Amino acid sequence: MPSASLIWLPVSQLKILIPRDQIAQRVAAMGADITRDFMGQTVMFVGVLKGAAIFLSDLTRHVELDSTFDFIGVSSYGNRPSPAQELASGWDSTGEVRLTKDVDQSMKDRNVILVEDILDTGLTLSYLKKILLAHQPKALRIATLLDKPSRRKQPIEAEYVGFKIPDEFVVGYGLDYAEKYRNLPDICVVPRAG
Ligand code: IMP
Ligand code: MG
């Protein structure tokens, strides 16, 4: 079971890493980059549930292109430890991902932008990228709000990166800790146990 002391850490005790105004500015710039790169074309945004939902809804409102959006759901295999242990020692999935929700629209010959909350070890996105490429999109790009390059185990990079951050466990703006804190408007650091 998750550690209650960490789960119920009051929001006031979380340190802000990236305040809301900086997020808004950066997300707007990313939307402008996508608009410029795909000028005259259509794009299909595919958000990874649930963490990318808030980022996707803000990002797409800054994209001035004919676009659609969709969501994909994933769940990792393996015995994931409690969030408290995960914070203390980190957790590495096998990278094998099970789809819990597939996209509703065809990706064939479409410009697909996979939208993720955070690129950590890269295992999840590497796996997802393989699955999406099998659908033969015209182009596949990755947009991630956050990137922790120091944790990478698979050599994968995103074409659009909001912020590179150090190896901290962060929550807010869609990111969770045991499903909590997704609704925080700022990105905050959860202190590690111990
Ligand atoms: P990866 O396969 O290691 O790249 O894992 C990516 C997934 O792990 C993300 O989609 C998040 O759900 C989760 N994750 C990684 N780091 C954090 C974090 O600091 N806060 C919240 N979730 C995280
Ligand atoms: Mg998550």
Side-chain angles (χ1 to χ4, degrees), residues 2-3 6-9 11 13-19 23 27 45-59 70-101 103 113-133 140-194:
S3 147
L6 278 163
I7 298 299
W8 300 108
L9 199 66
V11 170
Q13 284 183 29
L14 300 176
K15 196 183 90 212
I16 295 178
L17 181 69
I18 311 172
I23 300 172
V27 170
F45 291 94
V46 176
V48 184
L49 290 171
K50 306 169 202 168
I54 292 177
F55 174 43
L56 183 143
S57 53
D58 283 347
L59 177 70
D70 211 322
F71 290 96
I72 198 163
V74 292
S75 150
S76 304
Y77 290 105
N79 293 320
R80 198 168 184 138
S82 72
Q85 279 174 295
E86 188 175 337
L87 275 177
S89 57
W91 177 73
D92 299 317
S93 70
T94 58
E96 194 182 355
V97 171
R98 180 171 64 92
L99 284 192
T100 55
K101 188 210 167 291
V103 291
I113 301 183
L114 185 57
V115 181
E116 186 44 315
D117 53 1
I118 186 165
L119 180 49
D120 187 30
T121 63
L123 293 169
T124 307
L125 273 181
S126 300
Y127 195 84
L128 269 181
K129 198 172 169 181
K130 258 184 250 160
I131 293 176
L132 297 201
L133 282 174
L140 177 63
R141 303 276 184 272
I142 296 173
T144 187
L145 177 69
L146 304 174
D147 184 6
K148 283 190 212 171
S150 64
R151 294 254 312 155
R152 203 75 89 251
K153 295 200 166 199
Q154 283 285 326
I156 182 165
E157 296 303 328
E159 284 77 14
Y160 305 99
V161 176
F163 302 91
K164 288 196 190 226
I165 63 165
D167 182 12
E168 298 275 14
F169 196 87
V170 291
V171 293
Y173 198 74
L175 290 124
D176 74 305
Y177 173 47
E179 295 299 330
K180 277 174 60 77
Y181 305 122
R182 290 196 198 273
N183 62 325
L184 300 184
D186 309 296
I187 291 170
C188 301
V189 174
V190 179
R192 284 177 208 268

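The chain is numbered in sequence order, starting from 1. Note that ligands are numbered from 1 as they come in the structure, with each ligand's atoms numbered from 1 the same way. These figures come from a predicted structure and were not determined experimentally.
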Give a yes/no verdict on whether any heavy atom in [X] is under 4.0 Å from an atom of ligand 1.
| X | answer |
| --- | --- |
| D176 | yes |
| L175 | yes |
| K148 | yes |
| D117 | yes |
| E168 | yes |
| G51 | no |

Could you grab the distance from atom [atom1] of [X] to atom [atom2] of [Y], nearest 0.5 Å is fine?
| X | Y | atom1 | atom2 | answer |
| --- | --- | --- | --- | --- |
| D117 | L56 | CG | CG | 11.5 Å |
| I142 | L125 | CD1 | CG | 5.0 Å |
| L14 | D186 | CG | CG | 10.0 Å |
| L114 | D70 | CG | CG | 11.5 Å |

Just distances here: any N/O of V170 and N/O of ligand 1 closer than 3.5 Å?
->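 So ligand 1 has an N or O lying under 3.5 Å from an N or O of V170.
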Between K164 and P149, is there a donor-acceptor pair closer than 3.5 Å when you use the side chain of the first and the backbone of the second?
->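 Here the side-chain-to-backbone pair does not exist.
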With heavy atoms of G122 as the reference, note each atom of ligand 1 found under 4.0 Å away.
->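 Counting from 1, the qualifying ligand atoms are 1 (P), 3 (O), 4 (O).
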For ligand 1, which atoms sit closer than 4.0 Å to a heavy atom of E116?
->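 Those of ligand 1 that fall under 4.0 Å from E116 are 10 (O).
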Please determine if R152 and D147 form a salt bridge, counting it only when a charged side-chain N lies under 4.0 Å from a carboxylate O.
->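 Salt bridge between R152 and D147, a charged N being under 4.0 Å from a carboxylate O: yes.
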Check the angle between the aromatic planes of Y173 and F55 and answer parallel, tilted or perpendicular using the 30° and 60° thresholds.
->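 Aromatic pair Y173/F55 classed tilted.
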